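Worksheet: the structure to be examined is printed underneath.
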Amino acid sequence: MKVYDSMAKEIISLNLSKDEVVKVFVCGPTVQDNFHVGHARTYIFFDSLVKYLRVRGYSVFYLQNITDIDDKIINRANEEGVDYIEVSEKFTSEYMQLMNLLHIDSVNFYARATLHIPEIINQISELVQKGYAYETSDGVYFRVSKFNDFGRLSGQNMDALKSGSRVDLNEQKSDPRDFVIWKKYKPGEPFWESPWGKGRPGWHIEDTAITEKYFGPTYHIHGSGTDLIFPHHEAEIAIERSISGSPKLADYWIHSAMININDEKMSKSLKNYVKIREVLVDYWPEELRYALLNAQFKTSINFSPEILQEARQNVNQISILYRKLSLKGRNYKNNLGENAKIKVLENILDKNIDFRQLFTEVLSMVGEWNRNLDTMNDPEVTEALQTIYWVDSFTNIVRRGSGVSSVKGAVEILLSLRKEMRSRKEFGIADGIRADLKDLGIYIEDKGEETIWWTSEEKGSDKN
RNA sequence: GGAUAGGUGGCAGAGUGGUCAUGCGUGGGACUGCAGAUCCCAUCUAUUAGGGUUCGAAUCCCUACCUAUCCUCCA
């Protein structure tokens with residue numbers, strides 16, 4: 001299995017062992033505001049990546065942090081005249097709900113920063129002791145000049161950073177590149193006691209304190225969106241390696257590209273974002289997942305109604321075929337691993353975890369299965385079902401209508417009535433039944449003497 | 001200015017030297033009582049520009065131009 005690694009800046013082999021737990025850390029959100037499609041992309045991608053690793057037999061522990069103390073959270077709380085905890089609780093809960101809606105269920109543990117203050121203070125103390133950090137009147141800062149690998153991941157030139165710095169010059173830092181790891185208390189702000197007085201943690205050190213606690217000084221995969229490479233990941237590397245002395249923090253660095261809108265990055269500060277909630281009014285989670293996985297992870301996606309519409313088409317095509325196949329046979333969970341189609345798909349993914357290429361190949365298989373649907377024998381049906389089931393097990397893009405709902409009996413009575421009407425050429429009545437069922441989310445399809453049906457609610461603009 | 005990733009049809013997007021895949025869209029056809037689903041055919045005269053290497057370049061080299069992200073908080 002290979003993947004583009006941001007540190008190596010090329011596609012390299014992912015050498016992971018199946019005999020030990022694979023430790024994956026992905027930077028979670030700051031719980032300060034509504035979540036947008038950009039967040040969705042990153043977390044859907046890593047969800048599918050981790051699930052795929054598991055499908056391939058790796059035992060993965062997927063850790064994510066939640067930044068629940070931060071300037072922006074405090075500012076928002078002040079604006080609204082509430083305690084910061086109200087803000088962070090509200091959006092933490094919203095985040096969890098969205099993850100649930102989007103089928104993002106691969107994370108083993110969400111670690112909140114405010115529940116790791118002792119670990120953070122320990123790290124700062126160590127850094128101060130070793131001379132990597134110094135105290136000023138407003139906080140404790142990391143001394144970047146003591147860590148000579150700073151800038152390697154992001155390709156930043158140390159001197160250029162120094163001179164061309166856009167960083168605040170007002171602070172009492174001894175070097176403009178130095179970053180804050182402890183912020184001293186100002187009136188009205190939440191605080192924790194520390195050897196440097198009341199205060200709260202800086203952002204970068206939250207993650208290292210958390211990963212060190214659960215993973216130790218090094219782990220296997222570190223992921224997030226590309227926008228966190230600098231300075232956040234440089235800072236994490238500097239902090240943890242200064243403490244541990246290890247030559248690396250993570251074996252692999254995987255960064256997913258941004259979501260753009262009108263060719264510009266979607267972001268809170270530009271106010272050009274589309275909320276996940278808004279998308280889910282008109283589109284199913286499976287459709288959003290498809291749209292966001294339907295690109296190489298290193299390629300930015302220009303978000304538009306067109307990509308959602310395309311996703312809807314393809315999700316429908318795969319889902320409807322899946323339904324038809326499952327009416328033909330149900331032993332698709334057997335004999336996984338002997339499936340030649342799955343082998344083909346594995347080979348595609350193993351080149352660079354490219355879900356778009358996976359989808360392209362799946363769609364061509366779907367075309368073939370549709371062509372042969374009437375003549376497929378049992379092993380072929382099983383193979384097809386297994387394959388779609390396998391793909392769905394880590395992508396979650398198949399919409400599963402059900403033919404065994406609680407209304408099954410009633411539907412079948414109506415269908416036999418409709419059959420009778422059709423044989424009497426009472427097409428008005430027959431079509432009326434079909435239309436009424438459709439309004440209830442029950443789709444039927446005539447094929448010769450047979451009529452198959454499934455349930456599938458409609459969403460958004462397609463309704464009517 | 002530096003770093004990174006790119007510039008292929010209406011859109012999306014494969015393709016590291018030899019008739020420019022594929023998907024969406026659009027048009028037509030088959031099937032159907034009609035639909036739906038599905039299939040077939042077509043369409044869109046597409047490789048940023050200019051040089052070079054080559055029998056031959058989207059693909060290799062050079063130059064220019066352009067786009068996005070990062071170089072401040074951000075997934």
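Just so we're clear, the structure is a prediction, and the values are computed from it rather than from any experiment. Order of the sequence lines fixes the chain letters, A, B, ..., with proteins taken first and strands second; residue numbering starts at 1 for each chain.
Base pairing of B/rU22 is made with B/rA12, judged by Watson-Crick or G-U wobble geometry with both donor-acceptor distances under 3.5 Å. For B/rU47, there is no paired nucleotide, since no Watson-Crick or G-U wobble pair has both relevant distances below 3.5 Å. Summarising the base pairing, B/rU38 is matched to B/rA30 through a Watson-Crick or G-U wobble pair whose two defining distances lie under 3.5 Å. Pairing of B/rU4, defined by two Watson-Crick or G-U wobble distances under 3.5 Å, is identified with B/rA68.
Closest contact between the side chain of A/Lys324 and the listed nucleotides B/rG13, B/rU38, B/rU69 involves B/rU38. Checking B/rU69, B/rC34, B/rA75 against the side-chain heavy atoms of A/Arg422 singles out B/rC34 as nearest. Here B/rA75 is the nucleotide among B/rG23, B/rA75, B/rC73 with the atom lying nearest to any side-chain atom of A/Thr30. The side chain of A/Gln357 sits closest to B/rA14 out of B/rA12, B/rA14, B/rC70. The side chain of A/Met266 lies closest to B/rA75, out of B/rG23, B/rA37, B/rA75. Between B/rA37, B/rC24, B/rC73, one nucleotide has an atom nearer to the side chain of A/Glu310 than all others, and that is B/rC24. Listed nucleotides B/rA37, B/rU69, B/rC71 differ in distance to A/Phe230; the shortest reach to its side chain belongs to B/rC71.
Taking the P atom of each, B/rC60 and B/rG2 are spaced 23 Å apart, rounded to whole Å. B/rA12 and B/rC65 are spaced 24 Å apart, taking the C1' atom of each and rounding to whole Å. When the P atom is compared between B/rA3 and B/rU59, the two are found 23 Å apart, to the nearest whole Å. To the nearest whole angstrom, the two C1' atoms, one in B/rU48 and one in B/rA57, are 16 Å apart. Of the C1' atoms belonging to B/rG18 and B/rG10, the separation is 30 Å, rounded to the nearest Å. As rounded to the nearest Å, B/rU72 and B/rG15 have C1' atoms that lie 40 Å from one another. Using P as the reference atom, B/rC62 and B/rU67 are 22 Å apart when rounded to the nearest Å. Here, B/rA14 and B/rU47 have their C1' atoms 12 Å apart, quoted to the whole Å.
The aromatic rings of A/Tyr95 and A/Tyr43 sit perpendicular, their planes meeting at an angle over 60°, well past the 30° parallel limit.
Taking atom CD of A/Glu368 as the reference point, atom P of B/rG23 lies 14 Å away to the nearest angstrom. Rounded to an integer number of Å, the gap from A/Phe297 CZ to B/rU4 P is 17 Å. Between A/Phe179 atom CZ and B/rC73 atom P there is a gap of 11 Å when expressed in whole angstrom units. The separation between A/Asn262 atom CG and B/rA12 atom P is 12 Å, rounded to whole Å. Atom P of nucleotide B/rA68 and atom NZ of A/Lys265 are separated by 13 Å, given to the nearest angstrom. Between A/Phe359 atom CZ and B/rA14 atom P there is a gap of 14 Å when expressed in whole angstrom units. We find that CD1 of A/Ile318 is positioned 15 Å from P of B/rA37, with the value rounded to whole Å. When rounded to the nearest whole Å, the span between CZ of A/Phe91 and C1' of B/rA75 equals 16 Å.
Considering only side-chain N and O atoms, A/Tyr4 lies under 4.0 angstrom from the phosphate OP1 or OP2 of B/rA5. Contact check, A/Gln296 against B/rA14: a side-chain N or O comes under 4.0 Å of OP1 or OP2. Of the side-chain N and O atoms in A/Asn370, one or more sit less than 4.0 angstrom from OP1 or OP2 of B/rC39. The side chain of A/Arg371 places an N or O atom within less than 4.0 Å of a non-bridging phosphate oxygen (OP1 or OP2) of B/rC40.
In this structure, A/His36 reaches the bases: a heavy-atom distance under 4.0 Å links it to at least one base atom across the strands shown. Using a 4.0 Å heavy-atom cutoff across all strands shown, A/Tyr290 reaches no nucleic acid atom at all. Within the 4.0 angstrom heavy-atom criterion, base atoms lie near A/Ile259. Residue contacts for A/Lys425: at a heavy-atom cut-off of 4.0 Å it reaches no nucleic acid atom on any strand shown. Among the protein residues, A/Gln313 comes within range of the sugar-phosphate backbone only, with heavy atoms under 4.0 Å from sugar or phosphate atoms but none that close to a base. Counting any heavy atom pair closer than 4.0 Å across all strands shown, A/Arg76 reaches no nucleic acid atom. At the heavy-atom level, A/Gly367 lies under 4.0 Å from the strands shown only through sugar-phosphate atoms. As judged by a 4.0 angstrom heavy-atom cut-off over every strand, A/Asp71 is placed among residues making no nucleic acid contact. Within 4.0 Å (heavy atoms only), A/Ile229 reaches no atom of the nucleic acid at all. Residue-level contact check: A/Lys447 touches neither bases nor backbone, having no heavy atom under 4.0 Å from any strand. Residue A/Phe427 is classed as a base contact, given a heavy-atom separation below 4.0 Å to a base. A/Glu361 comes within 4.0 angstrom of nothing in the nucleic acid, heavy atoms only.
With respect to the salt-bridge test (charged N to carboxylate O, under 4.0 angstrom), the residues A/Asp282 and A/Arg312 do not qualify. A salt bridge is absent between A/Glu449 and A/Arg422: the closest approach of a Lys/Arg side-chain nitrogen to an acidic carboxylate oxygen does not fall below 4.0 angstrom. Remark: A/Lys324 engages A/Glu445 in a salt bridge, criterion side-chain N to carboxylate O under 4.0 Å.
Between A/Ser13 atom OG and A/Lys2 atom NZ the span is 5.0 Å, to the nearest 0.5 Å.
If you check the side chains of A/Ser174 and A/Tyr134, you find a donor sitting under 3.5 Å from an acceptor. Residues A/Tyr62 and A/Gln64 have side chains that bring a donor and an acceptor to within less than 3.5 angstrom of each other.
Two residues, A/Glu10 and A/Asp227, neighbour RNA chain B, and the one matched to the more 5' nucleotide by heavy-atom proximity is A/Glu10. Residues A/Gly155 and A/Thr360 both approach RNA chain B. Their nearest nucleotides, taken by heavy-atom distance, put A/Gly155 toward the 5′ side.
By the stacking rule of 5.5 Å between ring centres and under 30° between planes, A/Tyr43 does not stack on the base of B/rA75.
When each of A/Lys275, A/Arg76, A/Lys271, A/Lys268 is tested with A/Asp33 by the rule salt bridge (charged side-chain N to carboxylate O under 4.0 Å, His left out), just one qualifies, namely A/Arg76.
Between the side chain of A/Asp431 and the base of B/rG33, a donor-acceptor pair under 3.5 Å is found. With hydrogens and angles ignored, a donor-acceptor pair under 3.5 angstrom links the side chain of A/Asp446 to the base of B/rC34. Between the base of B/rG36 and the side chain of A/Arg434 there is no donor-acceptor pair shorter than 3.5 Å.
Environment of CG in A/Asn347: crowded, with over 12 heavy atoms of neighbouring residues, nucleotides or ligands closer than 6.0 Å. A 6.0 Å sphere centred on NZ of A/Lys248 holds no more than 12 heavy atoms belonging to other residues, nucleotides or ligands.
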